[in-house]
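Below is one structure, written out as structure tokens; comments come after it.
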Amino acid sequence: MTLPKIKHVRAFTVRGGGADYHDQGEGHWIDDHIATPMSKYPEYRQSRQSFGINVLGTLVVEIEAEDGTVGFAVTTGGEPAAYIVEKHLARFLEGRSPTDYEKIWDQMYFSTQYYGRKGLVINAISGVDLALWDLLGKLRQEPVYHLLGGAVRDELQFYATGARPDKAKEFGFIGGKMALHHGPAEGVEGLKKNIAELADMRSKVGDDFWLMWDCWMALDVDYATRLAIAAHDLGLKWIEEAISPDDYWGYAALKRNVPRGMLVTTGEHEATRWGFRMLMEMDCCDIIQPDVGWCGGVTELLKISALADAHGKMVVPHGSSVYSYHFVITRHNSPFAEFLMMHPGPTEVVPMFHPQLLGEPVPENGRLKVTALDKPGFGVDLNPDITMHRPYTH
Ligand SMILES: C[C@H](O)[C@H](O)CC(=O)C(=O)O
Ligand SMILES: [Mg+2]
């Protein structure tokens, strides 16, 4: 079957939540004194927005085929990513068949390698790749998870990330991951406060509910080791992104240092098969957490996950909403998924990329039936009520 060729690629920016989920209003749990690599500067300790965590905003990529069918995707990247898509990447798609995603990915990656490889450029490539898979699904009238090999189970199971694992337990999630609030610059006092918060939450959720810590790259190996040892009796299931994503040697040391049974996880700020290969060959962690919108998109994630499978590692993508769900349901080594609680409290379950997507499924009782994904492409629409801006054209 010959599919219509790609006619046009467009890139837009959007502000306010959605794929740039750190772009939230005041009083949100996601910006409340969370430990970061910038916490050593007291003036940037209370709020991540103070050092610019939300400067980029959301990137929307639309790919229109000759028959008028439009695939789209959202990721983090905003205006600079829109420039890269319009001025550089679009040339590798227009006039081509949407079936040629391997060649398109290869050309996007190698043509930008001299200024790309990780970060913003790979976010832009991911956005294009996801929009391409959405288009392919729409043209073939099949959900993306069919195109990835089909479901290996009937439903997705989720853990929730947010400040209220006790609420997450009530909502039926299998675990709760909290942001760590105090980093090394807050000394022993801060470390004690961290442990007290974990102890308080453990007393609320009971012994068997998973509790995890997201350290958002804020620690060093020594602090992370001391924290892990202190948290062991409180049943901490995993310690996430404890140190800089560039410090593969530190992760390998941390994995050797943590108490038996505690898992080390990382990878949400890692990209491509080559970055993840490093994490695996150096035995840096137990679970890798690629963000589908930041690691290179679905085309690259398939390679990363095959590598992880061969290394006996689980792949539990970071956030990524529907882009993660359509992948996780197709992989045996992705036994559960993350749900980022975007309600400010967070005391309600709301769609992760609200308000940008329409029809975005949310877990019920911590689960999502595969049938919730049974729509063409990624199964979501762009909300026509959001204000989109197209800063560049080509
Ligand atoms: C809560 C974390 O600091 C971050 O905002 C989200 C994240 O890293 C995750 O969901 O994982
Ligand atoms: Mg994380």
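Counting starts at 1 for both ligands and their atoms, in listed order. Because the structure is a prediction, the values reported are computed rather than measured. Values reported hereafter were calculated over all heavy atoms of this structure, with side chains retained and with hydrogens, waters and symmetry mates removed.
- Salt bridge annotation for D154-K369: absent, with no cationic side-chain nitrogen under 4.0 angstrom from a carboxylate oxygen.
- Taking the six-membered ring for Trp and thresholds of 30 and 60 degrees, Y159 and W238 have ring planes more than 60 degrees apart, a perpendicular arrangement.
- Here the rule is side-chain hydrogen bond (donor to acceptor under 3.5 Å, both in side chains) with E186, and of H33, K40, K192 only H33 fits it.
- Note that the CG atom of D286 and the CG atom of L263 stand 4.5 Å from one another [nearest 0.5 Å].
- Between E241 and ligand 1, no N or O atom pair is found at a separation short of 3.5 Å.
- Closest to atom 3 (O) of ligand 1 among all protein heavy atoms lies R48 NH1, 2.9 Å.
- The structure places CZ of R117 at 8.0 Å from OG1 of T272, a figure rounded to the nearest 0.5 Å.
- Ligand-side atoms of ligand 1 in range of E240: 9 (C), 11 (O), range being under 4.0 angstrom from any heavy atom.
- One hydrophobic cluster, built from ILVMFWY side chains closer than 4.5 Å, holds both I125 and W274.
- In this structure, F173 and F158 have perpendicular ring planes: the angle between them is above 60°, well past the 30° mark.
- Between W133 and the options F378, Y101, W105, F327, a ring-ring contact (aromatic ring centres under 6.0 Å, His included) holds for only Y101.
- Counting the atoms of ligand 1 from 1 in the order shown, those under 4.0 Å from a heavy atom of I30 are 5 (O).
- Distances under 2.8 Å from the Mg ion (ligand 2) pick out the protein N/O/S atoms D214 OD2, E240 OE2, E268 OE1.
- Regarding atom 10 (O) of ligand 1, its nearest protein heavy-atom neighbour is E338 OE2, 2.5 Å.
- With ligand atoms numbered from 1 in the order given, ligand 1 contributes 10 (O) to contacts under 4.0 Å with heavy atoms of L340.
- The two residues G137 and P376 make their nearest non-hydrogen contact at O-CB, 3.9 Å.
- Atoms of ligand 1 lying under 4.0 Å from any heavy atom of H22, numbered from 1 in the order shown and given with element: 4 (C), 5 (O).
- Closest protein heavy atom to atom 6 (C) of ligand 1: Y21 OH, 3.6 Å.
- For atom 7 (C) of ligand 1, the nearest protein heavy atom (residue, atom name, distance) is D214 OD2, 3.1 Å.
- Taken from SG in C285 to CD in E241, the straight-line distance is 10.5 Å, to the nearest 0.5 Å.
- The proximity of K177 to ligand 1, defined as any non-hydrogen pair under 4.0 Å, is limited to the side chain.
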>> ring pair (Phe, Tyr, Trp, His ring centres under 6.0 Å), that's the test. Do F336 and W210 meet it? Break it down for me.
In response: CA-CA 13 Å; F336 55 89; W210 298 358; 5.1 Å; yes
